[in-house]
Amino acid sequence: MLFPTVEYALFFLAVLSIAWSVYRFPKVHKGFLLLASYAFYGFWNWTFLPLLIGISVFAGVVAKFIQHSNSRGARNAWLAVGVTVCLVVLGYFKYSTFLLANWFAFRGWFAPSPPRIPIISPLLPLGISFFVFHAISLLVDCHRGKVTEPVELGDALLYVAFFPQLIAGPILRASRFLPQLAVRRNPDAIRVNRAFLLILSGLFKKVVISNMLATRLVEPVFSVPRSFGAADTLLAIYGYAAQIYCDFSGYTDIAVGCALLLGFHLPRNFNAPYKATNPQEFWRRWHISLSRWLRDYLYFPLGGSRKGPLRTGFNLMLTMLLGGLWHGAAWTFVAWGGLHGLLLVVYRLWSRSTWHELIAIHNSTAWRWIARILLFHAVCAGWVLFRAPSFEVAFDVFRRLAVPGATTLATTPVCIVLFLGLAGQYMPSRWGNALEVELGRWPALARGAALAVVIALIEILGPTGVAAFIYFQF
Amino acid sequence: MFLTLVGFSVAILLLESDGLENWANRLEPGALRCVAQPIASALNRALRPLGIADARNRTLDEAAHLGWSDDAVRLARMNPTQTMDTETAASQSQTSHAPSAGTRPESKSVLIAAAAAPIVGSVPHSVGLVPLTPIQQGRTRVVVLAGDSMMAVGFGTDLMRKAGEDKKLRILRAFKSGTGLARPDVFNWLDQYPAMVGSEKPDVVIVAIGANDGQSFVVDSRVLSFGSEEWRKTYQSRVADFLATVESTGARVLWVGLPPMRSEPFNQRISIVNRIAYTVVSHDPKASWWSTASYVADASGSFREFAATSNGGLVRLRTSDGIHFTEEGASTMMAVLMRWLDPSPESSNAMRRLPSANPLQPRVPNRPAKSTSETSGSLIADRTKAPASLAHRGQEP
């Protein structure tokens, strides 16, 4: 079920009404939300529901074992078992054919004989990367003692499957979400206007900006790069930077807004990432829940920056390469992760320089803007690898940047949405807060009507049809 | 929150009653539609006198006027001198004087016969392609790519990329994912296609459509269950009408047969769609059938996701959904297809020079083979012309 559809709107209105009718009975309330989450997931494909339930039950049971184990060895063993099983499941569904294809390619260098068995890859369950990461987070947080209360199986199931974040995050921490399940919801404490603004902002980003950029600018150029000159190619690269940001942050805004209406707080996942002036800051602003997950559950356990500069560089590269692979089983994603790893390593060396002149440059306003522009273009280069179906297409796109040619795709609507997608990140956050306060002064009926008018306008401005969110595939 | 939701619900019903009815009409026949459709229709009828739906339509027209719409029919209706393709505005077409939307070309007598012909029991694996005439010096061949996501994903992309290397070919995009011929109430190709193509006079139309058509539909308030006799006849007539529409500008048509699908129940549905489409196409001398199964299926004609390359590696022929072609999968067909579109020797040379990620491609015969069974000397898109490297299970040419 996609967020910007009538089906989801009807589903969510029904869930919202029923959830707030039963919130006084926490067990019923949680049970209902769990069933609603399974209905939401099953709407796409019921066949993978047992997998989702299975992973959740498994993680919940192992989490209990971890909590109940007295010895450190037993806790470590349970954690190892739990994480291994989760990774094996993820690996089977997401990476098995990728590994197999690469194995045959590698083997072909030495003994070029075709494989004798028919190879069929497993169908990829929607959102598997996200719910497996949730399961791992539950296990690790229990192991680290960050989940202090005994884990209830029902709570574990709801944590993994909670529908607003089930398909594409943000990636919740068990230690942050489970305590929310322990207290009764309070309808008076909900920032309704904040939630509505988030949902509207998400819909606008997805339906108008992302969809229009995708259909009118990015898809044509990345399909046939050789048909376009430098101007269109550059515009399409900028367009994809805006598209993927609006697509993913739009999804997150809707998810956070819906969760807020249900009385739950999901973490912020984006914070104007293209305003970043260095790669480290970029990853503190882009897909924040994933970068924190990778930092806490991969980079820190590897040793982080405590084991010398060489090991730090290695840890950064490995974390980012695996982060790239998490996005998809393809070498283009690995290269994208590698590029970001390299940027982080270079920045680390640069920022630790003790040369006074360099430090003076670092701190100047002019340099901050230059750094921002340089970083944005480096990130855009990464997006080419991320978007292109193959290295051949990616290199075609890069090559076209050197071929002169006027733009044929820069229509007024495309330029407007591109501007909004990129420049919108410079909108002061106080505007949103002011709007929230202003809405709070309106009569409730008028507020609801205004919300409906904006949604109708978004529907008019958006292209026909609803494209799936980019991050659904991950 | 309750009052806000009430305000929202009332206002959205007032503003979007028309859209809500459209949504309900587009639902597949089933329980949800049974409930939603009468309610949405009644609501829209009741609210229509308020004039909000008309105002919404005028706003949509205004938005289209300012370039915000991708609805080809609306654009053609509003401004007959400008049209745009649906999938993207990147069409290379120079359009003018679009025919008025909604006009249905008269079906030719052959297509009337095709619409009534008995449906074949199976689609042959090897079907002859009647060669196109060589492209005259200094002219370009205009090729339209029409269809649903079977064209948009993999096949169309690879074809556009390859055709982009041939200056004698000009490709127009007229595809729209999520559409089909079974549900003109959702997307009417008879209206949309002329609006997409505008005043262009394509020489060839390549059609890949039908993957979304394995569903029941409603005709005159009656549900025609998928596969029923009545469904088959109605669908057959829709295929014939569509074929007549794309041929109305004098174009030759290449109908891309749908490949075997991964899910067996879905495959069975697609096989019915294929048989009906083939029945119509085979009765039309201006249309040819392109058997994709010859290239991407296994030796028994079943679904195959990967093929072995000549160096022992694997190449993915189909996307992980088990439905669409990957570009590498589409690449296995492109050499023959490109030579059909442009039979000149330079084209063959250009194809040889094309960089390709597909290791299977160099093994494709660069010269079209002649059929021993076709007196017209037609090109054969069949298993015997499949790339040699696909031959690891008895498919050696």
Side-chain angles (χ1 to χ4, degrees), chain A residues 6 13 16-17 20 97 100-101 104-105 107-109 111-116 118-121 123-124 187 190 192 196 212 215-216 219-221 223-224 226-228 261 389-392 408-409 411-414 443-453 455-456 459-461 463-465, chain B residues 1-12 14-16 19-20 23 56 59-60 63 66-71 86-90 92 156-157 160-161 164-165 173 176-178 262 298 303-306 308-316 320-322 326-327 355-357 389 392-393:
Chain A
V6 177
L13 284 174
L16 195 62
S17 311
W20 284 114
T97 42
L100 214 55
F104 280 117
R107 198 191 65 152
W109 291 349
S113 61
R116 298 276 165 209
I119 293 160
I120 300 279
S121 62
L123 277 179
L124 191 63
I190 293 173
V192 178
F196 285 148
M212 187 172 287
T215 53
R216 298 202 187 178
E219 195 274 337
V221 172
S223 293
V224 197
R226 292 175 197 199
S227 299
F228 298 92
L261 286 177
S390 63
F391 284 113
E392 185 190 352
T408 56
L409 301 176
T411 58
T412 309
V414 165
L445 284 172
R447 207 160 48 202
L451 180 71
V453 169
I455 286 182
E459 192 251 314
I460 285 171
L461 290 177
T464 53
Chain B
M1 180 159 62
F2 175 73
L3 280 178
T4 310
L5 285 177
V6 170
F8 169 75
S9 304
V10 171
I12 204 78
L14 284 170
L15 292 167
E16 290 284 348
L20 206 60
W23 164 77
R56 178 178 177 271
T59 314
L60 278 168
L66 295 170
W68 287 85
S69 177
D70 63 345
D71 183 341
T86 303
E87 197 75 19
T88 168
Q92 299 161 30
T157 320
M160 283 189 286
R161 210 168 283 153
E165 300 298 312
R173 305 151 67 109
K176 173 83 174 167
S177 298
R262 176 175 174 153
D298 69 7
F303 174 81
R304 180 174 54 155
E305 190 173 354
F306 290 91
T309 59
S310 49
N311 60 3
L314 286 176
V315 64
R316 184 184 271 279
S320 53
D321 59 15
T326 60
E327 287 183 24
S356 169
S389 48
H392 65 281
R393 283 191 296 280

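Residue numbers begin at 1 in each chain, while the letters A, B, ... track the order of the sequences.
In terms of heavy atoms, B/Leu3 sits closest to A/Leu445 at O-CD2, 3.5 Å. For A/Pro389 against B/Glu327, the heavy-atom pair with the smallest separation is CG-OE2, 4.0 Å. Nearest approach of A/Met212 to B/Trp68, heavy atoms of both residues: CE-CE3, 3.3 Å.
Of the two parts of A/Phe196, only the side chain, counted from C-beta on, holds a non-hydrogen atom closer than 4.5 Å to a non-hydrogen atom of chain B. Contacts of B/Leu20 with chain A are made by side-chain atoms alone, with heavy-atom separations under 4.5 Å and no backbone atom involved. Residue B/Trp23 touches chain A through its side chain alone, counting heavy-atom pairs closer than 4.5 Å. Looking at A/Val414, neither its backbone nor its side chain comes within 4.5 Å of chain B, counting heavy atoms on both sides.
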Working for salt bridge (charged side-chain N to carboxylate O under 4.0 Å, His left out), residues B/Arg161 and A/Glu392: CA-CA 12 Å; B/Arg161 210 168 283 153; A/Glu392 185 190 352; 5.9 Å; no
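In this structure, A/Leu261 CG and B/Leu5 CG are separated by 7.5 Å, a value rounded to the nearest 0.5 Å. Between the CG atom of B/Leu66 and the OG1 atom of A/Thr411 there is a distance of 11.5 Å, given to the nearest 0.5 Å.
Using a 4.5 Å heavy-atom threshold, the side chains of B/Phe306 and A/Leu100 count as separate. Using a 4.5 Å heavy-atom threshold, the side chains of B/Arg316 and A/Thr97 count as touching.
In terms of heavy-atom pairs under 4.5 angstrom with chain A, the leader among B/Gly156, B/Gly67, B/Gly322, B/Ala63 is B/Gly67. Ranked by heavy-atom pairs under 4.5 Å with chain B, the first of A/Ser121, A/Ser223, A/Ala450 is A/Ser121.
Enclosure of atom CZ in B/Phe2 is not indicated, since only 12 or fewer non-hydrogen atoms of other residues, nucleotides or ligands lie within 6.0 angstrom.
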